[in-house]
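The structure appears right after this line, and notes come after that.
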Amino acid sequence: MDARYDAAAAEQPIFARWEAAGVFAGRPEAGGAPFVIALPPPNVTGELHMGHALNGSIQDTLIRLRRMQGRDTLWICGTDHSGIAVHAVIEKQLRAEGLTRFDLGRERFLERVWEWRAATGATIIQQFKRLGCTLDYDHERFTMDDGYVRSVLEMFVRLYRKGWIYRDNRMINWCTTCASTISDLEVRYEHAVDTLFEVRYRIKDSDEFVTVATVRPETILADTGVAVHPDDDRYRHLVGRTAIVPLVDREVPIIADPYVKMEFGTGALKITPGHDPNDFEIGRRHGLLELSAIGYDGRMSELAGEFAGLPVGEARSKVRDALFALGLIRKEEPYEHEVGHCDRTGDRIEPLISLQWFMQMDELAAPANEAVRSGRVRFHPKTQESTYYSWMLNLRPWCVSRQLWWGHQIPVWYCPDGHQTVAIETPSACETCGSDRLERDPDVLDTWFSSALWPFATIGWPGDDERLERYYPGHVLTTARDIINLWVARMMMMGIEFMGEIPFEDVIINATIQAADGRRMSKSLGTGVDPLDLVRRFGADATRYGLLKMSSTQDVRFAEGAISEGGRFANKLWNAARFVITQADISVAAAPAGEEPADRWVRSRLAATLAEVVGLIDRYEFAAAVKVLYAFVFDFCDWYIEAAKPRLAGDDEGARRAVSANLLWTLERILALTHPMCPFVTEAIWEHLPGDRGLLMLAPFPQAVSEHRDPAAEADVRAAIDAVSQARSTPDVRLVLPQGFAAAALVRALAPRATQVVEDADAAAVVVEAAAEDPALVRARLDEQLAHARAELERARAMLANERFTTKAPAAKVDEERAKAARFATEVGELEARLRDLV
RNA sequence: GGGCGCAUAGCUCAGCUGGGAGAGCGUCCGCUUCACGCGCGGAAGGUCACAGGUUCGAGCCCUGUUGCGCCCACCA
């Protein structure tokens, strides 16, 4: 064993051995209850980023711990076809060749996507292996593989037959770059400064004008009404009259609708049902015409007359100029508001009316809400439930059709008469009229539609696969906050609907790891940190350790120090093992042996640590678990191994064997406890330990033996450690131990700088003194101790003198103060006596 | 516009139901090269964002202010 743990050299061969064990696909033969996590399927376009690495570390820690605890663990593996993202990648390639996807046509485009996927689609899964993740690679799924496509179509058909999926002409969010609809959840609102115009519309058969306010004058060309509030006295006389839309001279009705805010702008609202979601609703209420002046290409349509063909932005200023020339603009002022942008491309969203497929989720949502409310599904941290409810309690129809090619093509065929035939297999004739001239809907489904069935489509739904039976429902889901509604909520709805049971019990919402300066980590900003680079520099264990330590309920800034600490931790463990292997008698069997205070202390600390770390992981408090583990491992090294050295080197063969057995026993348990978090280094050490022990990954997880708890030994050794620590930092000290102090031998062995270690019948506790030959130092130290004791005594007495404290505080608190007062009074007395003796 | 969260040592963060401010890193001092210099021990360093309030007592509870972050939302 080298003096330094070489992660780079150790990791790959170890991973190969794990894979060879063939247990990643679950192991029902082990007899334990299933424990299942579904990996949030990363985009095929993706590379492992910090979020994936954090999430992978958490999931693998849980999977490994449960596996060692005997559970039949399954970590579902796969990738998402990510429609829009893939289109972006391939269309960019095409642009470089001077082509568009339409030049290729659907079939050739899809061939090209599959070629690309064959070449690069495995990257991110390989990267999870580098992190040490024990995903079920043998059953890797892809949301576009044949079986999965079938599952998606099955879901569509079933929901269609229930009437929850339907086709309708509604207002949708249109992204001109994507040339597709996007869902409400894919719209990101950004602050924008535009101009608010007040425009005068003439009233028909009158000299009067009505003035409306708008930030989008170009939509005037598609206006089909003017609305005022029913209670607005300023306009009451106009309701029912006709206004004339400027530039196009269209006659439109003036209507009254309570949606209009009297106090905003002029109190009169132009209605453009074709280009504004509110106006759309108002238009539907009043039966207004739905006109469209903007096309899917983001340019003005024929309806725009002289402005036809102009991009929207350009049309806006041209229309403004035309209105101004006619003297119809009454006012222009800067106006700040939030404008919807495409989450993927950043383009301004164009609200348009379009014939699309929608999904209505009201009935699906009710049981999903109930699952959270009743506590069957728990969010960690719990505050994230509000994100879930805020969306789930206010659901609107989900536009599921996308005008893309890469994705699950909608399984609906139309005959020339417009009848719909819905089927999983291509039908030969129209269900309604028998026509054989069928054409399939060209659109594909929203990527999140297929993601919603990830927990069960991956393991065989809708078949009767035994894996489906065994591994659904799952247990834990860990993911990022921004997809609680896009994904988590929808999985819950679909899981309940199609499997009759929630897909998981615990939803862990990860911290977002920000760049060191607090900005968002992003490749394009150049603020990203590549987790694989960390793996190369520090090792996978160090990376996992650091990420777990950074995991938190709130967002954290990336700190490389946490990763390098993980590297030191792994090296420390490696060297502790190296000491045991080279210095101890490893022919003895590992056993909780030795009755010295140090022996009992380390076993007691180990039992406490085991229980605490497992408890923390059970509660998903990974950062705290890592800290507790770290503290114990360093205590073990700094004190138990140090205490063992003289005993191993001594002549007492019995002591030598006992210490060796105890060292081995403790080390084995530390390795098992550490393994879920730092699997590589622990497995590497395990291989060096004597005997044929198989893989640590499959070793049974150690129980915390409560009989090993020994508060007296812990207190004694703690006192010894404190005294020795003091002695190490100060030359020429004298250590005074109480008569019969249990850990006296430990103090004598570890305090080389103490000039004297003496037992004193009068000493109440271990005392560190300056050496007798320098009374001034002794005096100074005693003075310091006395001042401290006096201050404590004074504080306790002051509290007890406060009548309101003694009457109002809980009795236990008061008793505690009394005890303190008594203790410090004694200590003050003792110290004063010592000082008198010195003089 | 509504909601949620965060502001604690130079840095990254802990501080659970209110009773003497913590860890790791960094800095400084000492030790040590016989498992580990990715080592050992110690020390310095904080009016717990600000202002009020409740309480015998507040980092923790309440109100407000400031600064950050996030989520939700169709006010022209």
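Letters go in sequence order (proteins before strands), and every chain restarts at 1. Keep in mind it's a predicted model, so treat the numbers as computed, not measured.
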Quiz prompt | Shortest side-chain distance from A/Arg4, nucleotide among B/C38, B/C72, B/A76 | solution = B/C38

Quiz item: Reckon A/His337 has a side-chain N or O less than 4.0 Å from the OP1 or OP2 of B/A76?
Solution: yes

Exercise. Just say parallel, tilted or perpendicular for the rings of A/Phe264 and A/Tyr335, cut-offs at 30° and 60°.
Key: perpendicular

Quiz prompt | Complementary nucleotide for B/A51 - Watson-Crick or wobble, under 3.5 Å | solution = B/U63

Quiz prompt | Pairing nucleotide - B/G57, Watson-Crick or G-U, each distance under 3.5 Å | solution = none

Practice problem: Apply side-chain contact (heavy atoms from CB on, under 4.5 Å) to A/Ile282 and A/Ile255, showing your working. | Solution: CA-CA 10 Å; A/Ile282 296 171; A/Ile255 57 171; 3.9 Å; yes

Practice problem: Using the C1' atom as the reference point in each nucleotide, state the distance between B/C68 and B/G30 in Å, no decimals. | Solution: 42 Å

Quiz prompt | Selected nucleotide, minimal atom distance to A/Leu269 side chain, candidates B/A35, B/C72, B/A76 | solution = B/A76

Quiz item: Do A/Arg490's NZ or CZ and the ring of A/Trp398 fall within the cation-pi criteria of under 6.0 Å and 45°?
Solution: yes

Quiz item: Can you tell which of B/G69, B/A35, B/C31 lies closest to the side chain of A/Gln583?
Solution: B/A35

Quiz item: Are A/Lys261 and A/Tyr259 in a cation-pi setup, meaning NZ or CZ lies under 6.0 angstrom from the ring centre and within 45 degrees of the ring axis?
Solution: yes

Quiz item: Would you call the rings of A/Tyr5 and A/Trp574 parallel, tilted or perpendicular, where under 30° means parallel and over 60° means perpendicular?
Solution: tilted

Self-check item: Distance, C1' atom - from B/G46 to B/C13, rounded to whole angstrom
Solution: 15 Å

Self-check item: Options B/C38, B/A76, B/A35, nucleotide nearest the side-chain atoms of A/Asn571
Solution: B/C38

Practice problem: Provide the Watson-Crick or G-U wobble partner of B/C68, both distances under 3.5 Å; none if there is no partner. | Solution: B/G5

Exercise. Determine whether more than 12 heavy atoms belonging to other residues, nucleotides or ligands lie under 6.0 Å from atom CD of A/Glu338.
Key: yes

Quiz item: A/Arg568 side chain N/O closer than 4.0 Å to the phosphate oxygens (OP1, OP2) of B/C25?
Solution: yes

Quiz item: Just by modelled atom types, is the A/Arg200 backbone N or O under 3.5 Å from a matching donor or acceptor in the A/Thr211 side chain?
Solution: no

Quiz item: Is the distance from OP1 or OP2 of B/C13 to the nearest side-chain N or O of A/Lys549 less than 4.0 Å?
Solution: no

Exercise. Could you give the distance separating B/C16 and B/G22 at their C1' atoms, to the nearest angstrom?
Key: 15 Å

Quiz item: If you pin A/Arg557 and A/Thr582 to their nearest nucleotides in RNA chain B, which one's is more 5'?
Solution: A/Arg557

Exercise. Among the candidates B/G69, B/C75, B/G19, find the nucleotide nearest to the side-chain atoms of A/Lys813.
Key: B/G19

Self-check item: Option from A/Val488, A/Thr512, A/Asn510 for which side chain to side chain contact (heavy atoms under 4.5 Å, CB included) with A/Arg481 holds
Solution: A/Thr512

Quiz item: Is A/Glu642 touching bases, backbone alone, or none of the nucleic acid, heavy atoms closer than 4.0 Å?
Solution: base

Quiz item: Taking the same atom, C1', in B/G59 and in B/G19, what whole-Å distance lies between them?
Solution: 13 Å

Quiz item: Donor-acceptor pair under 3.5 Å: do we get one between A/Gln554's side chain and the base of B/A14?
Solution: no

Quiz item: Given B/A14, is OP1 or OP2 found less than 4.0 Å from the side-chain N or O atoms of A/Ser552?
Solution: yes

Exercise. Return the orientation label for the A/His380 and A/Tyr620 ring planes: parallel under 30°, perpendicular over 60°, tilted otherwise.
Key: perpendicular

Self-check item: Separation between the P atoms of B/C50 and B/U8, rounded to whole Å
Solution: 10 Å

Practice problem: Could you tell me whether the phosphate oxygens of B/C70, OP1 or OP2, come under 4.0 Å of any side-chain nitrogen or oxygen in A/Arg481? | Solution: no

Self-check item: Pairwise C1' distance for B/G10 and B/U27, with rounding to whole Å
Solution: 9 Å

Quiz item: Relative to the 5' end of RNA chain B, which residue comes earlier, A/Ser729 or A/Ile641, by the nucleotide with the nearest heavy atom?
Solution: A/Ile641

Quiz item: With respect to the side chain of A/Lys627, which nucleotide from B/U12, B/A73, B/C13 is positioned closest?
Solution: B/C13

Quiz item: Counting just side-chain N and O atoms, does A/Ser725 come under 4.0 Å of either OP1 or OP2 of B/G42?
Solution: yes

Quiz item: Applying a 3.5 Å limit to both distances, which nucleotide forms a Watson-Crick or G-U wobble pair with B/A43?
Solution: B/U27

Self-check item: Gap between atoms CG and P, on A/Asp635 and B/C36 respectively (whole Å)
Solution: 20 Å

Quiz item: Think A/Tyr335 has a side-chain N or O under 4.0 angstrom from the OP1 or OP2 of B/A76?
Solution: yes

Quiz item: Distance between the P atoms of B/C4 and B/C61, in whole angstroms?
Solution: 14 Å

Practice problem: Can you tell me the pairing partner of B/A73 across any strand shown, Watson-Crick or G-U wobble, with both distances under 3.5 angstrom? | Solution: none

Quiz item: Can a side chain N or O of A/Arg804 be found less than 4.0 Å away from OP1 or OP2 on B/U55?
Solution: no

Quiz prompt | Separation of atom CD1 in A/Ile483 from atom P in B/C71, rounded to whole Å | solution = 13 Å

Practice problem: Measure from the side chain of A/Thr387, starting at C-beta and using heavy atoms only, and say which of B/C71, B/G42, B/C56 lies closest. | Solution: B/C71

Exercise. Indicate whether OP1 or OP2 belonging to B/G24 is found under 4.0 Å from a side-chain N or O atom of A/Lys572.
Key: no

Quiz item: Taking atom P of B/G5 as reference, at what distance in whole Å does atom CG of A/Asp482 sit?
Solution: 19 Å

Quiz item: Is there a donor and acceptor pair closer than 3.5 Å between the side chain of A/Lys645 and the base of B/A35?
Solution: yes

Quiz item: Atom CD of A/Glu560 and atom P of B/C11: how far apart are they, to the nearest Å?
Solution: 18 Å

Practice problem: Could you check how far OH of A/Tyr545 sits from C1' of B/C25, rounded to whole Å? | Solution: 11 Å

Self-check item: Closest nucleotide among B/C13, B/A35, B/U12 to the A/Arg578 side chain
Solution: B/A35

Quiz prompt | Of the listed nucleotides B/A73, B/C40, B/C56, the one nearest the side chain of A/Glu338 | solution = B/A73

Self-check item: Nucleotide nearest A/Val215 (side chain, heavy atoms from C-beta), chosen from B/A76, B/C72, B/G69
Solution: B/A76

Quiz item: Expressed as a whole number of Å, how far does the P atom of B/C40 sit from that of B/G26?
Solution: 12 Å

Quiz item: Using a cut-off of less than 4.0 Å, is there contact between a side-chain N or O of A/Arg728 and OP1 or OP2 of B/C40?
Solution: no

Quiz item: Taking a pair as Watson-Crick or G-U wobble with both distances under 3.5 Å, which nucleotide is matched to B/C13?
Solution: B/G22

